[in-house]
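What follows is one structure encoded as structure tokens, with my remarks underneath.
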Amino acid sequence: MFTPADPETFNPLVWQIVHQIPFGKVTSYGQIASMIPPPPNFDPLRYAHVRARWVGTALRLSSGVDLPWHRVINSRGMISHLPQFGGMEEQRRRLEAEGVVFDEDDRVDFRQVGWEGPAPEWLAERGLLPPKKLK
DNA sequence: CGTTTGACTACGC
DNA sequence: CGCGTAGCCAAAC
């Protein structure tokens with residue numbers, strides 16, 4: 001499906017998945033990555049170490065693509081953004097506008113607003129895998 | 001070209 | 001729990 005250094009295939013897959021996240025739900029970089037199988041001839045172990053970061057990169061390069069990018073946060077339930085870029089507050093604002101609640105530690109409760117992933121048929125049609133669960 | 005920098009995670013203290 | 005860090009590599013300098 002794609003080669004190790006083929007973001008031209010990987011990134012659009014990420015975008016397609018992000019596009020499926022429903023209003024008021026969130027998921028993590030790692031969970032999205034877990035739906036995308038490792039590239040052929042790519043060590044699965046190594047892939048496991050980099051895939052979440054690849055998702056972050058894909059999102060960073062997604063300007064111009066119409067996406068609910070704000071619904072993607074890190075595995076600890078927090079917004080991952082550098083303070084320098086104002087995007088952090090923007091992301092929180094968008095999520096709260098969708099009813100997502102942050103606790104006193106600036107974290108969301110995946111049990112409440114965590115996305116369980118696309119329908120199995122949707123994944124199967126694209127050769128994708130069922131996501132790992134969120135904590 | 002060589003170096004630095006990330007929209008990440010899992011794991012060990 | 002919180003905090004630091006190794007692991008890893010595509011983009012951006």
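Only heavy atoms go into these numbers, but all of them, side chains included; no hydrogens, no water, no symmetry mates. Chain naming here is simple, since letters A, B, ... match the order of the sequence lines and numbering starts at 1 in each.
A straight line from NZ of K133(A) to C1' of dT9(B) spans 20 Å, rounded to a whole angstrom. The interatomic distance linking L67(A) (CG) with dA7(B) (P) rounds to 16 Å, in whole Å. In this structure, R94(A) places its CZ atom 14 Å from C1' of dA7(B), rounding to the nearest Å. The distance between atom OH of Y29(A) and atom C1' of dC8(B), rounded to the nearest whole Å, is 8 Å. When the P atom of dG2(C) is taken as reference, atom CZ of R76(A) falls 8 Å away, rounded to whole Å. In this structure, the CE atom of M78(A) is 17 Å from the C1' atom of dA10(B), given to the nearest Å. Atom CZ of R53(A) is separated from atom P of dA6(C) by 13 Å (rounded to the nearest Å). One can place CZ of R51(A) at 14 Å from P of dC8(C), the figure rounded to the nearest angstrom.
Taking the centre of each ring, W54(A) and F42(A) come in below the 6.0 Å mark.
Put simply, S28(A) has a side-chain N or O that comes within less than 4.0 Å of OP1 or OP2 on dT9(B). At dA10(B), one or more side-chain N or O atoms of K132(A) fall inside 4.0 Å of OP1 or OP2 (strictly under the cut-off). Contact check, R46(A) against dC9(C): a side-chain N or O comes under 4.0 Å of OP1 or OP2.
If you check every strand for non-hydrogen atoms under 4.0 Å, I79(A) touches nothing. Within the 4.0 angstrom heavy-atom criterion, only backbone atoms of the sugar-phosphate kind lie near S75(A); the bases stay farther away.
Checking side-chain atoms of D109(A) against main-chain N and O of R111(A) turns up a donor-acceptor pair under 3.5 Å.
With distances taken from any side-chain atom of A52(A) to the nucleotides dA7(B), dC8(B), dC8(C), the minimum falls on dC8(B). Among dG7(C), dA10(C), dA7(B), the nucleotide with an atom closest to any side-chain atom of W54(A) is dA10(C).
Comparing H49(A) and R60(A), the nucleotide of DNA chain C nearest to each residue sits closer to the 5' end for H49(A). Heavy-atom distances to DNA chain C give each of L45(A) and L61(A) a nearest nucleotide, and the one nearer the 5′ end belongs to L45(A).
Transitive grouping of hydrophobic side chains (ILVMFWY, heavy atoms separated by less than 4.5 Å) keeps L129(A) and V55(A) in distinct clusters. In the hydrophobic clustering of ILVMFWY residues, with side-chain heavy atoms under 4.5 Å counting as a link, I21(A) and M78(A) come out apart.
A side chain to side chain donor-acceptor pair (under 3.5 Å) with R94(A) is found for exactly one of E90(A), E98(A), E96(A), namely E90(A).
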